[in-house]
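Have a look at the structure below, then the notes.
Values in this document were obtained by computation on a predicted structure and should not be read as measured data.
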Amino acid sequence: MLAAAPLVQAADAAVDAITQAVARPDVLRGQFTQEKQVSGFKNPLRSQGQFVVARQHGVIWTTLKPFPSEVVVTADRILSRQRDGSTRVELDARQQPAMRSVNAIMFALMSGDVQALSSQFNVQASREGRGWRLKLTPKSAMLAKAFESLTLQGDRYVRQVEIVEANKDRTQIQFSALSEAPASLSADEARRFD
């Protein structure tokens, strides 16, 4: 048991170093490219778009290709907007309390909040040159029903996320053109969280 202590301390030190390295701006904007490999399909499903992560509000995930749509994740709900402007509440944490933890995980993934993620996942952390890598495996049986693992890579920001679902479907998301300016939400962005 004593031999494990240095390994735990080294892992904790790596998590602490990554936590210190990741920027925590009030607002972060960028672009994404996503590929999802679904079991039984030869070619991955691809999408592209842009996102806004606002620490006090949530995440706006706007898909531009192949089909325009938008998903807004807040602490209380996930809602989707279609191209015609119609809005539909997909999940409401007031009716489904477990959704609050799912929403928190989504926000923590996008913002690189290592401490929030480590409350829900076992964390394997490593430094890679100027960057870092986190492999997350679910602590709870409920999360294990959805995810086998989540892997984040980055530097000052999260640059790539890989999600391996329990059914072995795999999603890779690349983030680019990341910017902390302007440092506050525009009126349009704020309205989209309502």
Side-chain angles (χ1 to χ4, degrees), residues 11 15 18 30-53 58-75 77-84 86-93 95-114 116-126 128 131-155 157-178:
V15 168
I18 292 167
Q31 298 175 2
F32 71 86
T33 303
Q34 178 175 307
E35 284 194 0
K36 181 168 182 151
Q37 186 64 56
V38 179
S39 300
F41 287 86
K42 182 179 176 182
N43 296 318
L45 306 171
R46 291 184 175 91
S47 60
Q48 294 177 311
Q50 55 199 27
F51 67 90
V52 177
V53 177
V59 178
I60 301 170
W61 188 263
T62 306
T63 301
L64 302 172
K65 293 178 185 177
F67 307 106
S69 67
E70 184 169 85
V71 174
V72 179
V73 179
T74 68
R77 66 182 191 256
I78 297 175
L79 47 95
S80 66
R81 289 190 182 96
Q82 301 308 310
R83 187 176 190 173
D84 65 5
S86 63
T87 301
R88 188 173 78 216
V89 174
E90 298 289 337
L91 297 163
D92 190 323
Q95 279 121 27
Q96 299 180 33
M99 275 312 304
R100 191 170 294 279
S101 66
V102 172
N103 291 7
I105 291 167
M106 280 267 304
F107 186 72
L109 278 173
M110 294 292 297
S111 62
D113 187 343
V114 179
L117 291 169
S118 65
S119 71
Q120 300 284 331
F121 295 91
N122 297 308
V123 179
Q124 292 178 320
S126 61
E128 298 175 351
W132 50 264
R133 183 176 193 266
L134 295 173
K135 182 168 184 178
L136 310 171
T137 53
K139 288 183 178 179
S140 74
M142 181 188 82
L143 281 176
K145 287 180 183 178
F147 305 110
E148 180 178 296
S149 67
L150 305 168
T151 304
L152 287 75
Q153 293 182 45
D155 43 40
Y157 306 109
V158 176
R159 301 285 181 173
Q160 180 176 320
V161 174
E162 180 184 56
I163 302 167
V164 180
E165 297 174 35
N167 65 4
K168 303 297 186 204
D169 289 353
R170 183 179 302 263
T171 303
Q172 288 213 339
I173 308 168
Q174 301 278 343
F175 300 108
S176 60
L178 301 174

Value for OG1 (T62) from CD (Q50), rounded to nearest 0.5 Å, stands at 5.5 Å
List for me each residue that meets ring-ring contact (aromatic ring centres under 6.0 Å, His included) alongside Y157, sequence neighbours excluded, and say none if there are none. none
Is the shortest heavy-atom distance from the side chain of Q48 to the side chain of K65 under 4.5 Å? yes
Contact summary for F147 and P138, nearest pair of heavy atoms: O-CG, 3.2 Å
Quick one: list whatever passes side-chain contact (heavy atoms from CB on, under 4.5 Å) with S126, sequence neighbours left out. E128, R133
Separation between CG (L79) and OG1 (T74), nearest 0.5 Å, reads 7.0 Å
Using a cut-off of 6.0 Å, state whether more than 12 heavy atoms not belonging to K145 lie near its atom NZ. no
Within the 4.5 Å heavy-atom criterion, are L136 and Q120 side-chain neighbours or not? no
Rounded to the nearest 0.5 Å, what separates atom OG1 in T137 from atom CG in N122? 4.0 Å
Name the residue from L64, T63, I173 that meets the side chain to side chain contact (heavy atoms under 4.5 Å, CB included) definition with S47. T63
Report all side-chain donor-acceptor pairs from residues 160-168 shorter than 3.5 Å, counting only partners two or more places apart or in another chain.
| from | atom 1 | to | atom 2 | distance (Å) |
| --- | --- | --- | --- | --- |
| Q160 | OE1 | Q174 | NE2 | 2.9 |
| E162 | OE2 | R170 | NH1 | 3.0 |
| E162 | OE2 | Q172 | NE2 | 3.0 |
| E165 | OE2 | K36 | NZ | 2.7 |
| N167 | OD1 | D169 | N | 2.9 |
| N167 | ND2 | D169 | OD2 | 3.3 |
| K168 | NZ | E148 | OE1 | 2.2 |

Check side-chain contact (heavy atoms from CB on, under 4.5 Å) between K135 and all other residues, then give those that pass, not counting sequence neighbours. Q124, S149, T151
Sorted by chain and number, sequence neighbours left out, side-chain contact (heavy atoms from CB on, under 4.5 Å) with A116 holds for A108, D113
Residues which pass side-chain contact (heavy atoms from CB on, under 4.5 Å) with S176, listed by chain and number, not counting sequence neighbours: Q31
Should W132 and V158 count as side-chain neighbours, where that means a heavy-atom distance under 4.5 Å? yes
Hey, could you give me the CG/NZ distance between L117 and K139, rounded to the nearest 0.5 Å? 10.5 Å
If the condition is ring-ring contact (aromatic ring centres under 6.0 Å, His included), which residues does F175 pass it with, not counting sequence neighbours? F51
Side chain proximity check, Q34 to W61, heavy atoms < 4.5 angstrom: yes
My understanding is that only residues two or more places apart in sequence, or in another chain, count here; which of them pass side chain to side chain donor-acceptor pair (under 3.5 Å) with E35? R46
